[in-house]
Amino acid sequence: MTTTFNPRLLGVALITITMLAAPFVLSGQPYLLRIVTTAVIYAIAAYGMNIILGMTGQLSLAHGAFFGVGAYIVGLLTTDHDWSFWTSFILAIVATTVMGYVSGLIALRTQGSYFAIFTMALGFLAFIIITRWESVTHAHSGVSGVKFPENFGPIDFTKETTMYFFVLVILGLVIWATHALLTSNAGRSLVAIRTSPDLAKSIGVNVAVSKQLAFTASAGIAGLAGGLFASFTGFIGPDVAAIDLTFQFLLFLLIGGMGTVMGPLVGSLLVAFLFEMLQDLDTYRFIVLGPIIVLLVIFAPKGIVGYLNEFLAARRSRGRHVDGPDEPTTATTERHDVIEKVR
């Protein structure tokens with residue numbers, strides 16, 4: 001009996017081991033551990049954008065705004081109103097999910113660049129409210145002293161290692177949900193919509209409802225990540241809802257790979273460490289990072305993980321041609337599988 005070597009499982013295993021070992025390897029370097037934890041939180045938000053952009057092909061420029069709203073709900077409720085973190089955190093997820101659903105009802109009536117422009121307007125509106133409504137949001141003064149999660153017995157969330165593992169567990173759940181979605185009929189429906197909305201509609205996919213649910217889930221995950229960010233950093237300002245943050249999440253997806261399971265995490269970690277290495281350059285770091293992005297767009301337009309997936313698929317295809325008769329191409333097979341399973 002022979003066993004088949006699966007490079008994808010090996011890659012996932014290596015990433016998992018690295019993430020679990022990070023707090024022990026960096027035990028004497030709390031600053032680096034904070035960078036990794038922040039990158040993991042950003043990765044969670046990037047997974048939310050991956051649902052609406054990577055799966056349905058809709059570019060939402062309000063993603064940073066939902067992240068900021070989640071952060072401010074947790075920040076304001078735990079400081080000004082003395083709520084517990086857990087209650088505030090749950091409310092942040094529910095509130096951003098509802099906001100995503102309501103705004104999606106209007107935004108998804110538009111398509112293409114009009115959808116991007118409309119969501120960007122939503123993002124600017126949220127940012128303006130945060131910066132101008134000083135009596136509620138403290139405007140540019142920001143919100144300080146945001147609570148850590150309340151302890152569970154001996155589990156002390158004020159310790160950075162404990163907080164890291166808490167964030168890592170949530171990341172694991174989000175990655176599992178992404179994988180489950182991609183391998184389900186609902187996920188194949190979203191991919192069919194990204195490929196061709198007309199084709200998806202012709203095979204029985206409710207395009208409007210699918211997009212609406214994807215946008216809602218994307219907003220809810222962004223709010224979840226924002227709540228974690230507020231608690232972990234202890235201080236938030238209007239920058240957490242700025243349009244720049246949306247483009248940063250987009251950068252994670254472009255580098256890691258849109259529509260993939262591990263792409264958002266790989267992109268978030270890679271960009272976080274690139275920013276750290278180039279921090280002395282301040283605003284000029286994009287002069288160095290820019291050519292890297294251009295090279296990726298040219299040689300790996302589907303991102304690092306997307307490129308590796310295509311490379312492995314090509315190797316398997318060559319192996320089948322060598323071992324046996326010709327089979328349908330990968331693209332043809334995948335298109336046929338999507339149509340059959342969506343039906």
Side-chain angles (χ1 to χ4, degrees), residues 38 41-53 58-81 83-108 115-116 118-147 149 167 170 174 212-250 252:
T38 303
I41 293 173
Y42 282 165
I44 294 172
Y47 274 100
M49 178 174 271
N50 194 37
I51 294 177
I52 187 65
L53 176 59
Q58 302 290 308
L59 176 58
S60 171
L61 296 179
H63 201 69
F66 293 123
F67 181 92
V69 169
Y72 265 89
I73 289 175
V74 171
L76 292 172
L77 290 180
T78 58
T79 55
D80 291 358
H81 302 281
W83 284 33
S84 70
F85 165 80
W86 299 108
T87 306
S88 305
F89 185 53
I90 293 172
L91 182 60
I93 298 172
V94 173
T96 51
T97 301
V98 173
M99 286 179 61
Y101 179 81
V102 174
S103 58
L105 290 175
I106 304 172
L108 291 169
F115 175 80
F118 184 86
T119 53
M120 183 170 64
L122 289 177
F124 278 124
L125 178 62
F127 180 74
I128 290 171
I129 291 174
I130 289 173
T131 55
R132 300 295 175 87
W133 201 358
E134 187 171 0
S135 61
V136 174
T137 65
H138 305 281
H140 293 286
S141 299
V143 181
S144 59
V146 182
K147 291 181 181 178
V167 172
I170 295 180
V174 172
Q212 178 70 37
L213 293 177
F215 190 84
T216 303
S218 174
I221 294 175
L224 180 152
L228 290 175
F229 181 82
S231 178
F232 175 68
T233 58
F235 172 83
I236 53 173
D239 288 346
V240 298
I243 191 69
D244 294 353
L245 194 58
T246 298
F247 287 111
Q248 191 169 329
F249 296 144
L250 179 59
F252 299 156

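The backbone N or O of Leu77 sits nowhere less than 3.5 Å from a side-chain atom of Lys147 that would complete a donor-acceptor pair. Under the 3.5 Å distance criterion, the side-chain polar atoms of Ser218 are left unmatched by any main-chain donor or acceptor of Ala214. In this structure, the side chain of His63 engages the main chain of Ala45 through a donor-acceptor pair within 3.5 Å. Without hydrogens or angle criteria, Thr119 side chain to Ser60 main chain gives no donor-acceptor distance under 3.5 Å. Between the side chain of Thr78 and the backbone N or O of Ser84, no donor-acceptor pair lies under 3.5 Å.
Annotation for Trp133: atom CH2 does not count as buried by contact number, only 12 or fewer foreign heavy atoms lying within 6.0 Å.
We find the CE-CD1 distance between Met49 and Ile52 to be 9.5 Å, quoted to the nearest 0.5 Å. Atom CZ of Phe67 sits about 10.0 Å away from atom CG of Leu224, to the nearest 0.5 Å. To the nearest 0.5 Å, atom CG of residue Leu108 and atom CZ of residue Phe115 are 5.0 Å apart. Distance check, rounded to the nearest 0.5 Å: CD1 of Ile243 to CG of Leu61 gives 5.0 Å.
Within the 4.5 Å cutoff, no side-chain heavy atoms of Asp239 are placed close to those of Leu245. Within the 4.5 Å cutoff, the side chain of Phe232 has no heavy atoms near those of the Val167 side chain. Counting heavy atoms from C-beta outward, Phe247 and Leu250 have side chains that approach closer than 4.5 Å. Here the side chains of Ile73 and Val69 are in contact, with some heavy-atom distance below 4.5 Å.
For Ser144, the side chain to side chain contact (heavy atoms under 4.5 Å, CB included) partners at least two apart in sequence or on another chain are Phe235.
Between Phe89 and Phe85, the ring planes lie parallel to each other; the angle is under 30°, not in the 30° to 60° tilted range.
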